[in-house]
Undergrad: 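First the structure, which I've put down as structure tokens, then a few questions once you've had a look.
The model shown is predicted, which means the values in this text are computed figures rather than measured ones. When a ligand or atom number is given, it counts from 1 through the structure's own listing order.
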Amino acid sequence: MATQKSSQLEQVHADNNDHLIRSSDSQHPANLIPALCSKFWTLGWVTGTGGGTSIRDDDLVYLAPSGVQKELMKPEDIYVLALSQQKDPKSRVYLRSPPSLKPSQCTPLFIAAFTKRNAGCCIHTHSQWAVLVTLLLEKRSSKTTLFEINNIEQIKGIGKGYKKQGSLGYHDTLRIPVIENTPHEEDLTESLEQAMDKYPDTYAVLVRRHGIYVWGETVHKAKTQTESLDYIFQLAIEMEKLGLSWLSDIS
Ligand SMILES: CSC[C@@H](O)[C@@H](O)C(=O)COP(=O)(O)O
Ligand SMILES: [Zn+2]
């Protein structure tokens with residue numbers, strides 16, 4: 001597949017490399033991103049144009065446009081870039097660009113997950129549960145930059161960490177770093193990368209008053225980890241309302 005792709009890339013760009021987003025395979029990233037975003041919209045993850053999803057296949061990264069209704073996207077709306085061709089982070093080279101649109105402002109954050117963690121997919125949601133968790137942590141102290149919870153079965157839905165086999169156990173403590181929001185999405189990149197360096201095993205970074213970025217080695221892993229985290233955040237909000245602690249010493 002990689003050989004076929006590189007020969008395809010040698011083709012002239014006269015056709016805007018539309019062959020990169022045309023496939024009858026439902027699992028092709030250009031088909032999968034719109035299909036996933038349509039499902040995520042029903043969960044409140046990508047409503048009002050916020051949030052998004054990006055998939056990496058080998059060296060190629062597939063991205064949504066900026067400011068569009070993410071649940072209504074079509075394969076023709078998808079941008080494609082080659083990771084190996086991105087020399088200057090400020091000026092990206094796209095192999096394929098839909099006309100009259102701009103690439104997602106989340107692009108540098110997705111790229112951080114692909115380059116620093118070798119992720120195959122990164123999902124950004126504006127889930128209210130994720131936002132509420134960051135607000136609760138802020139209420140405890142504006143300096144609280146870590147969400148922690150243990151002894152919850154769904155923690156087993158999260159991987160042990162980068163280059164580690166298996167998932168967290170029931171008694172393990174799940175830790176998700178929180179970074180501060182910025183007026184422009186791309187300005188989150190540096191603090192997201194710092195959070196990845198500080199917590200090398202994390203598969204997610206919460207963004208205060210904004211949402212969350214979650215990644216995984218595959219689309220399947222990124223999706224199920226985002227689902228598990230969203231479940232855990234909703235549970236955490238309900239626990240807080242009932243005066244229950246997120247950390248317990250059951251063993
Ligand atoms: C509701 S606007 C949200 C955006 O500012 C941003 O946070 C976001 O998640 C989506 O950015 P986009 O450039 O449309 O992909
Ligand atoms: Zn966002």
Undergrad: Just jot down the ring-ring contact (aromatic ring centres under 6.0 Å, His included) partners of Y79, sequence neighbours excluded, or say none.
TA: Y94
Undergrad: Around the Zn ion (ligand 2), list the protein N/O/S atoms within a radius below 2.8 Å, excluding water molecules.
TA: H124 NE2, H126 NE2, H210 NE2
Undergrad: Kindly state whether the ring of F40 and the ring of W45 have centres lying under 6.0 angstrom apart.
TA: yes
Undergrad: If only atom types and distance count, is the side chain of E217 paired as donor or acceptor with the main-chain N or O of N118 below 3.5 Å?
TA: no
Undergrad: Please check if any side-chain donor atom of E71 sits under 3.5 Å from a side-chain acceptor atom of S38, or the reverse.
TA: no
Undergrad: Present, as a list of atom pairs with distances to 0.1 Å, all nitrogen or oxygen contacts under 3.5 Å between ligand 1 and the protein.
TA:
{"unit_1": "ligand 1", "atom_1": "7 (O)", "unit_2": "H126", "atom_2": "NE2", "d": "3.3"}
{"unit_1": "ligand 1", "atom_1": "7 (O)", "unit_2": "E185", "atom_2": "OE1", "d": "2.3"}
{"unit_1": "ligand 1", "atom_1": "7 (O)", "unit_2": "H210", "atom_2": "NE2", "d": "3.1"}
{"unit_1": "ligand 1", "atom_1": "9 (O)", "unit_2": "G51", "atom_2": "N", "d": "2.9"}
{"unit_1": "ligand 1", "atom_1": "9 (O)", "unit_2": "H124", "atom_2": "NE2", "d": "3.1"}
{"unit_1": "ligand 1", "atom_1": "9 (O)", "unit_2": "H126", "atom_2": "NE2", "d": "3.0"}
{"unit_1": "ligand 1", "atom_1": "13 (O)", "unit_2": "S66", "atom_2": "OG", "d": "2.6"}
{"unit_1": "ligand 1", "atom_1": "13 (O)", "unit_2": "Q105", "atom_2": "N", "d": "2.8"}
{"unit_1": "ligand 1", "atom_1": "14 (O)", "unit_2": "G67", "atom_2": "N", "d": "2.7"}
{"unit_1": "ligand 1", "atom_1": "14 (O)", "unit_2": "K70", "atom_2": "NZ", "d": "2.9"}
{"unit_1": "ligand 1", "atom_1": "15 (O)", "unit_2": "K70", "atom_2": "NZ", "d": "3.0"}
{"unit_1": "ligand 1", "atom_1": "15 (O)", "unit_2": "S104", "atom_2": "OG", "d": "2.7"}

Undergrad: Under the salt bridge (Lys or Arg N to Asp or Glu O under 4.0 Å) rule, collect the residues that match up with K156, sequence neighbours excluded.
TA: E153
Undergrad: Do R140 and W246 form a cation-pi contact, if we require the NZ or CZ to be under 6.0 Å from the six-membered ring centre and within 45 degrees of the ring's axis?
TA: yes
Undergrad: How many angstroms lie between CZ in F147 and CG in L174, if you round to the nearest 0.5 Å?
TA: 6.5 Å
Undergrad: Are any side-chain N or O atoms of R117 and backbone N or O atoms of M196, one a donor and one an acceptor, separated by less than 3.5 Å?
TA: yes
Undergrad: Are H124 and F110 close enough that their ring centres sit under 6.0 Å apart?
TA: no
